[in-house]
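In what follows, a structure is listed as structure tokens, so that the remarks can point back to it.
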Amino acid sequence: MKTAAVVIWYNPEPLFVENLKSYAEHVDHVVVIDNSNTDNAALLADVAGVHYQALHQNLGIAAALNRGFETARQLGAEWVLSMDQDSSFESENVSLLLANIETASSDIAVIGYSETGSTSKTGLRDVNKVITSGCLNRMSAFSRINGFNEDLFIDQVDFEYCFRLKEAGFRIMQDRAVQMRHNRGDPEPKEFRGRSYTTTNYNPTRRYYQVRNRLYMRRKFPQYGMQHIKNIVYATRNVILFEDNKLSKLAAMAQGAWHFVIGRYGPR
């Protein structure tokens, strides 16, 4: 089966090209969708065969993924490896992940890596959701549910996609043996009254999307409990107790809640 990797760039650094090289030789095609305002094709000068598209504006992660997947479809890919610009694999882990394609039953739509991967655990397990980066995506399932939800722009795009796939009868799988290097925000350990916490230090704009879209997720998928509300509560606590730029972040979070109430989606 033909495969393609789709990676989304935004103001890329040279290191991100090295990340791309960690999996490029393992797939048939590589597609780069660049959400930056500038054209960064020069960064790929020494990487052959990359299909690069500069959008010259930030259309959001969902729109960029949809464009990347459509390009992969035109290239004949049946499975797409979706990647963030700051993610990379060790060679053996890419091979392990891709090997699942040959045995995946037709109801498996997504195969992700395990954030706590271990060589002592093998095989796939059913899960409700996985993050987009480091995932194998079946193109026919992507088409079946009309791709990623561009109204969300960024944050919860991956989980919303997984939940809709499950509603359509597909399965989301996680390979417990596969590991990947991936960054989430700027994590920083903190202590308060003898307890340890980790805060992510996301900027105000990202905090806005987190609140708005998690409230959306709670309303659209109530069957998954209160996890999205709990995440908002924990994020608010961390901003108040540990993070800089508190007022701007809290104002952005309040705006995100208000825009959920009035039904305003898309870019902030």
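All values reported here derive from a predicted model rather than from experimental measurement.
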To the nearest 0.5 Å, how far apart are [atom1] in [X] and [atom2] in [Y]?
X    : Y    : atom1 : atom2 : value
D34  : Q85  : CG    : CD    : 8.5 Å
N238 : N201 : CG    : CG    : 9.0 Å
C135 : I172 : SG    : CD1   : 8.0 Å
W79  : I101 : CH2   : CD1   : 6.0 Å
L98  : F89  : CG    : CZ    : 8.0 Å
I229 : M217 : CD1   : CE    : 11.5 Å

Check whether any side-chain heavy atom of [X] sits under 4.5 Å from a side-chain heavy atom of [Y], and report yes or no.
X    : Y    : result
L20  : F16  : no
V32  : Q53  : no
T132 : L65  : yes
M139 : V80  : yes
M253 : T236 : yes
K21  : D46  : yes
I33  : W9   : no
F69  : V6   : yes

Q: Determine the interplanar angle of the H228 and F163 rings, folded into 0 to 90°, and report it as parallel if under 30°, tilted if 30 to 60°, perpendicular if over 60°.
A: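 Because their plane-to-plane angle is over 60°, the rings of H228 and F163 count as perpendicular.
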Q: Decide side-chain contact (heavy atoms from CB on, under 4.5 Å) for V261 and L215; before the verdict, give the C-alpha distance in whole Å, the side-chain angles of both, and the deciding distance to 0.1 Å.
A: CA-CA 9 Å; V261 171; L215 290 172; over 6 Å; no
Q) Could you go step by step and tell me if R268 and Q255 meet the side-chain contact (heavy atoms from CB on, under 4.5 Å) rule? A) CA-CA 9 Å; R268 183 182 181 191; Q255 183 185 48; 2.7 Å; yes
Should the pair [X]-[Y] be classified as a salt bridge under the 4.0 Å nitrogen-to-oxygen rule?
X    : Y    : answer
K2   : D28  : no
E70  : R67  : no
K249 : E243 : yes
E167 : R164 : no

What donor-acceptor contacts under 3.5 angstrom involve side-chain atoms of residues 147-156, with partners at least two apart or in another chain?
residue: N149; atom: OD1; partner: D151; partner atom: N; Å: 3.0
residue: N149; atom: ND2; partner: Y216; partner atom: OH; Å: 3.4
residue: E150; atom: OE2; partner: N66; partner atom: ND2; Å: 2.9
residue: D155; atom: OD1; partner: R206; partner atom: NE; Å: 3.3
residue: D155; atom: OD1; partner: R206; partner atom: NH2; Å: 3.3

Are any side-chain N or O atoms of [X] and backbone N or O atoms of [Y], one a donor and one an acceptor, separated by less than 3.5 Å?
X    : Y    : result
D158 : I131 : no
S133 : M83  : no
Y52  : N40  : yes
N93  : M180 : no
Y113 : R176 : no

Ignoring hydrogens and angles, state whether a donor on the side chain of [X] or [Y] is under 3.5 Å from an acceptor on the partner side chain.
X    : Y    : answer
E78  : T3   : no
Y208 : H259 : yes
N245 : S248 : yes
N37  : N58  : no
R181 : S88  : yes
S143 : R73  : yes

**Q.** side chain to side chain contact (heavy atoms under 4.5 Å, CB included) involving A168 - partner list, sequence neighbours excluded
**A.**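 Per chain and number, A168 pairs via side chain to side chain contact (heavy atoms under 4.5 Å, CB included) with I145, F170.
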What's the shortest heavy-atom distance between [X] and [Y], and which atoms?
X    : Y    : answer
S22  : H26  : O-CD2, 3.9 Å
A141 : A109 : CB-CB, 3.6 Å
N11  : S36  : N-OG, 2.6 Å
G60  : N35  : O-ND2, 3.2 Å
K246 : L241 : NZ-C, 3.8 Å

Q: Go through V110 and L136 one step at a time and tell me if the side-chain contact (heavy atoms from CB on, under 4.5 Å) criterion holds.
A: CA-CA 6 Å; V110 175; L136 285 172; over 6 Å; no
Q. Can F142 and N137 be said to form a side-chain contact (heavy atoms from CB on, under 4.5 Å), step by step?
A. CA-CA 7 Å; F142 167 84; N137 302 267; 5.8 Å; no
Is the number of heavy atoms from other residues, nucleotides or ligands within 6.0 Å of [atom1] ([X]) greater than 12?
X    : atom1 : answer
K230 : NZ    : no
D244 : CG    : no
R144 : CZ    : no
Y234 : OH    : no

**Q.** Residue list, side-chain hydrogen bond (donor to acceptor under 3.5 Å, both in side chains) with Q227, at least two apart or on another chain
**A.**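 With neighbours one apart ignored, the set is K129.
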Q) Is it true that M226 and V211 fall in one hydrophobic cluster, defined by side-chain heavy atoms closer than 4.5 Å? A)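 In one cluster with M226: V211, yes.
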(Q) In this structure, would Y10 and V17 fall into the same cluster of hydrophobic residues linked by side-chain contacts under 4.5 Å? (A)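 Shared cluster, no.
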Q. Side chain to side chain contact (heavy atoms under 4.5 Å, CB included) with I232: which of R207, R218, R214, Q210?
A. R214
Q | From CA spacing to verdict: side chain to side chain donor-acceptor pair (under 3.5 Å), D86, N19 | A | CA-CA 7 Å; D86 58 0; N19 291 341; over 6 Å; no
